[in-house]
Q: 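Here it is, the structure, as structure tokens.
Here is how names work: the chains are called A, B, and so on, in the same order as the sequence lines, proteins then strands, and each is numbered from 1.
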Amino acid sequence: EQTLPRAGMATPSPDVAFESFVFLDLETTTLNRRRVRTAEISLSAVHRCSLEEPESDPESDSEWEFPLPPRIVDKLTLCLDPQKPFAHRAMELTGLSNRSLKENGKPGFDQALVQAVCGFLMRQPGPVCLVAHNGYNFDFPLLRRELDRLGEDLPSNLWCLDTLPALQELEGHARMSYSLSNLYKYYYGQEPDPDRAHSAEGDVETLLMVFLYRAEGLMAWAEENAPRWNEIEPM
DNA sequence: TGCCAGGCCCTCTTTAGGGCCTT
């Protein structure tokens, strides 16, 4: 039996019925953990009622009634100057570069960004659960480190769900790929919009749709397993 | 110039190696 969440990070179940789920994605300069910096952040907040009873798509010609993305969703997407060089591959993937971010006058990860993110989170009915794919290993520890650099933190009453281990456990097919794009393809029979992939907002949309497909199981998993934000170790 | 992620899981395993997942 799998022991989740992972050792050293999480303590027992919050047993919290989350009111809001905030889907998170970061675009970054590299995967190298010594050098990585954030270049774009996107958050989409959805109340649990919109996840429990999604509207279905009348256009869908499948036997399944595919869910529609929730109409009522708060969104925040910000680009920022990472102030460290992009790896070539990251520039290719994200369409971001040091030059373009500088030309567009984007500041770095600063107090104003923290205020915007905290204000966004505080608008959502709590308790709030952040959701990211591979979040326990990448997005959450990185965000924590970016905040630590400024001596800042997110509001309390915040928990964290990583859809990667959650869906690995819920689906239970050891050999399938649990990458975000493959999960979308697995559930909806088509690729995520290639023009939107690897923008923070596009990947958040894909994550939200993947979540919607397994919303009931994922919400239950989160209530049992999600660590508190302050239990996340900085990268 | 050369540096070049890392935690987790699986298995042809535990005195290890390789693949996945995130940009």
Q: Looking at A:Tyr213 versus A:Tyr186, is the centre-to-centre ring distance below 6.0 Å?
A: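 Ring centres of A:Tyr186 and A:Tyr213 not closer than 6.0 Å.
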Q: Between B:dT1 and B:dG6, how many Å separate the two C1' atoms, rounded to a whole number?
A: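 The same atom, C1', in both gives a distance of 25 Å.
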Q: If the threshold is 4.0 Å, N to carboxylate O, is there a salt bridge linking A:Asp153 and A:Arg144?
A: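 Yes, A:Asp153 and A:Arg144 are salt-bridged.
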Q: Rounded to whole angstroms, how far apart are CG on A:Leu164 and C1' on B:dG7?
A: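 Going from A:Leu164 (CG) to B:dG7 (C1'), I get 11 Å.
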Q: By the 4.0 Å heavy-atom rule, please label A:Leu26 as base, sugar-phosphate, or nothing.
A: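 Sugar-phosphate contact only - A:Leu26 comes under 4.0 Å of backbone atoms but never of a base.
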Q: Would you say a side-chain N or O of A:Thr28 is under 4.0 Å from OP1 or OP2 of B:dT22?
A: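 Checking A:Thr28 against B:dT22: no side-chain N or O falls below 4.0 Å of OP1 or OP2.
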Q: Quantified in whole Å, what is the C1' atom distance between nucleotide B:dG2 and nucleotide B:dC20?
A: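 Going atom to atom, C1' in each nucleotide, I get 27 Å.
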Q: Using a cut-off of 4.0 Å on non-hydrogen atoms, how would the nucleic acid contact of A:Asp139 be classed: base, sugar-phosphate, or nothing?
A: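 The residue A:Asp139 makes no contact with any strand.
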Q: Should the pair A:Tyr136 and A:Phe140 be assigned to parallel (<30°), tilted (30 to 60°) or perpendicular (>60°) ring geometry?
A: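 Ring orientation of A:Tyr136 relative to A:Phe140: tilted.
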Q: Any base atoms under 4.0 Å from A:Asp203, or only sugar-phosphate, or nothing? Heavy atoms, all strands.
A: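 Sugar-phosphate contact only - A:Asp203 comes under 4.0 Å of backbone atoms but never of a base.
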Q: Tell me what A:Thr29 touches on the nucleic acid: a base, only sugar-phosphate, or nothing, going by heavy atoms under 4.0 Å.
A: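 No contact.
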Q: Heavy atoms from C-beta onward define the side chain here; which of B:dG7, B:dC3, B:dT22 lies closest to that of A:Asn137?
A: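 My answer, after comparing the listed nucleotides, is B:dG7.
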Q: Please evaluate the base of B:dC4 for a donor-acceptor partner in the side chain of A:Arg33 within a cut-off of under 3.5 Å?
A: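 In this structure, the two groups form no donor-acceptor pair.
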Q: Base, sugar-phosphate, or nothing: which does A:Tyr178 touch, judged by heavy atoms less than 4.0 Å apart?
A: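 Counting heavy atoms under 4.0 Å across all strands, the contact made by A:Tyr178 is with sugar-phosphate only.
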Q: Please give, in whole Å, the distance from B:dC20 P to A:His133 NE2?
A: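 From A:His133 NE2 to B:dC20 P: 13 Å.
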Q: When the P atoms of B:dC12 and B:dC8 are compared, how many Å lie between them, rounded to an integer?
A: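 B:dC8 and B:dC12 have their P atoms separated by 22 Å.
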Q: Who passes side chain to side chain contact (heavy atoms under 4.5 Å, CB included) against A:Pro192, sequence neighbours left out?
A: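 Here the qualifying residues are A:Ser181, A:Tyr184, A:Thr206.
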